[in-house]
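Report on the following structure.
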Amino acid sequence: MGEITTKLLVLGGGPGGYVAAIRAGQHGIDTVLVEENRLGGTCLNVGCIPSKALIHAAEAFHAAMLQAEDASPFGLSAGPPRLDFTRTIAWKDGIVGRLNTGVASLLKRGGVKILRGRGTMVDGKTCLVETDTGPERVRAEHVILSTGSVAAALPHLPFGGRVISSTEALSLRQVPATMAVVGAGYIGLELGTAFAKLGAKVTVVEMAERILPAYDAELTRPVARRLNALGIDVLLGAKATGLSAAGDALDVATGGERRTIPAEVILVAVGRKARTHDLGLDRLDLDMSGPFIRIDERCATSMRNVWAVGDVTGEPMLAHRAMAQGEMVADLVAGRRRAFHKAAIPAVCFTDPEVVSAGLSPDEARKAGHEIRTGLFPFAANGRAMTLGAEDGFVRVTARADNHLILGIQAVGAGVSELAAGFGLALEMGARLEDIAGTIHAHPTLGEAFHEANLRALGEALHI
């Protein structure tokens with residue numbers, strides 16, 4: 001058995017782990033990164049990146065279908081489009097491959113040693129890695145646990161056969177004629193909408209009384225309208241109870257009745273759970289917060305020099321949160337003084353239309369004890385949205401009533417994911433309504449709706 005001694009061991013090469021390793025390498029820290037699958041973790045390989053590629057391809061195909069039906073609002077028409085789904089998946093895989101190679105190059109540039117294989121913690125300083133060339137024992141002064149998360153399954157709908165998770169959905173070889181999606185959160189709606197645009201008949205089953213239950217109803221109404229326009233059936237207050245007797249459909253209980261939904265594929269998208277099993281973490285003296293590893297504001301666990309970042313530490317399970325945590329911990333190992341006190345971590349749903357939320361919603365601000373003022377500006381009054389043929393949606397800002405400090409910013413509309421950086425920056429910089437209202441926003445852009453929302457909160461809106 002080989003043995004390696006290092007300053008820093010990173011267990012898991014997802015966004016949090018590989019960013020921590022890259023930053024540690026930049027600091028000149030002797031670092032070993034252990035990853036049993038492909039670098040980039042769920043996000044790069046079977047999550048964020050491939051799903052957005054599929055969503056883009058689906059939107060392009062749907063737009064071409066509208067042109068073929070002479071239904072384009074721009075007066076465009078064309079012959080019926082053909083979809084070579086094999087090429088679509090190959091294009092998606094090509095993007096993932098390029099990013100995999102890029103991550104590996106960045107790690108190599110930083111002098112990070114990559115061990116490919118399953119890592120199992122022996123104690124708080126030692127990890128046993130089963131590689132293709134035999135076991136390696138890694139001893140480290142510091143350990144970062146970045147083991148990520150896995151798709152949550154349902155007891156009555158275990159994964160296998162026609163019951164799939166988002167991982168398998170992104171590698172289907174053909175577009176199914178019928179698809180049932182269990183869960184109307186962001187994963188279920190993103191992928192369900194994409195497959196509907198590609199030609200599948202999609203039915204969404206959600207136990208809550210509305211879609212995207214983590215977001216306020218005002219934000220989700222435009223998404224609900226679009227689902228209806230796309231012909232997606234949404235069953236709310238409904239529970240998926242299992243496969244039909246013949247095994248070719250989904251049984252659903254709703255409103256005291258039982259329904260059977262034909263489905264070639266059943267996508268279970270009911271969330272994700274921390275990956276803490278089969279990694280030896282039970283051998284460590286870690287304080288837990290429910291199913292997650294408990295951390296403090298520096299991502300330190302209850303064990304000295306053992307850190308944890310990303311999904312394994314709980315919500316929000318977002319790649320950019322993991323990256324920020326990983327970068328910070330590497331700085332801490334290098335001797336810098338850091339803490340994770342973020343004013344906001346923007347969240348984006350790449351639905352149609354897209355949804356962005358940063359900071360507090362109006363209801364959350366009130367529950368926190370604030371007297372507030374809000375401003376909402378609709379894209380129906382925004383010139384750029386009109387030229388894009390995407391007028392549904394709005395930008396909304398929430399601020400304290402006394403000093404106008406901005407507490408939260410939300411938006412729903414086509415392309416609003418690109419506004420997320422500006423929203424986060426405003427909150428991190430402690431902007432007030434007057435700061436955004438006094439900033440010149442380029443015309444014509446969607447960002448002008450952010451400007452006008454702040455003006456409206458001040459009672460000074462110009463274009464509504």
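Values below: every heavy atom of this structure, side chains too, minus hydrogens, waters and symmetry copies.
Not a single donor-acceptor pair under 3.5 Å links the side chain of T126 to the backbone N or O of V122. Within the 3.5 Å criterion, the main-chain N or O of A184 finds a donor-acceptor partner in the side chain of E206. With hydrogens and angles ignored, the 3.5 Å screen pairs a side-chain donor or acceptor of T301 with a backbone N or O of V306. Looking at R373, its side chain does come within 3.5 Å of a backbone N or O of A457 through a donor-acceptor pair. The backbone N or O of D30 lies less than 3.5 Å from a partner atom in the side chain of T6, making a donor-acceptor pair. Checking side-chain atoms of R118 against main-chain N and O of V129 turns up no donor-acceptor pair under 3.5 Å. With hydrogens and angles ignored, the 3.5 Å screen pairs no side-chain donor or acceptor of T398 with any backbone N or O of S361. One N or O on the side chain of N100 and one on the backbone of L39 form a donor-acceptor pair closer than 3.5 Å. Side-chain N or O atoms of R321 include one that pairs as donor or acceptor with a backbone N or O of G310 at under 3.5 Å.
Taking the ring centroids of F423 and F450, they lie under the 6.0 Å cut-off.
None of D296, V329, T313 except one satisfies the side-chain contact (heavy atoms from CB on, under 4.5 Å) rule with W307; the exception is V329. A side-chain contact (heavy atoms from CB on, under 4.5 Å) with D331 holds for exactly one of R337, R336, R298; it is R336.
Going from atom NE2 of H320 over to atom NZ of K342 covers 11.5 Å, rounded to the nearest 0.5 Å. With rounding to the nearest 0.5 Å, the separation of CZ in R275 from OG in S146 is 10.5 Å. For the atom pair NZ (K92) and OG (S171), the distance works out to 4.0 Å, reported to the nearest 0.5 Å. With rounding to the nearest 0.5 angstrom, the CG atom of L54 is 9.0 Å from the CG atom of L172. Note that CZ of R116 is 13.0 Å distant from OG1 of T133, once rounded to the nearest 0.5 Å.
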> Given E141 and K7, is the salt bridge (Lys or Arg N to Asp or Glu O under 4.0 Å) satisfied, shown in steps?
Replying inline: CA-CA 5 Å; E141 181 181 342; K7 172 85 169 181; 3.4 Å; yes
>> side-chain contact (heavy atoms from CB on, under 4.5 Å) for M303 and L286? Distances and angles first, verdict last.
In response: CA-CA 6 Å; M303 296 183 69; L286 295 171; 4.0 Å; yes
>> Test side-chain hydrogen bond (donor to acceptor under 3.5 Å, both in side chains) on H404 and E434; report intermediate values, then the result.
In response: CA-CA 8 Å; H404 299 176; E434 290 82 358; 2.5 Å; yes
> Is there a salt bridge (Lys or Arg N to Asp or Glu O under 4.0 Å) between D216 and R396 once you walk through the steps?
Replying inline: CA-CA 12 Å; D216 64 81; R396 184 185 67 199; 2.8 Å; yes
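Relative to the ring axis of F195, K197 does not place its NZ or CZ within 45° and under 6.0 Å from the centre.
H451 and H441 have parallel rings, their planes meeting at less than 30° on a 0 to 90° scale where 60° marks the start of perpendicular.
Within a 6.0 Å radius of CD in Q174, other residues, nucleotides and ligands contribute 12 heavy atoms or fewer. Heavy-atom neighbours of R109 CZ from other residues, nucleotides or ligands within 6.0 Å: at or below the threshold of 12. With a 6.0 Å radius and a threshold of 12 heavy atoms from other residues, nucleotides or ligands, M429 has its CE atom at or below the threshold.
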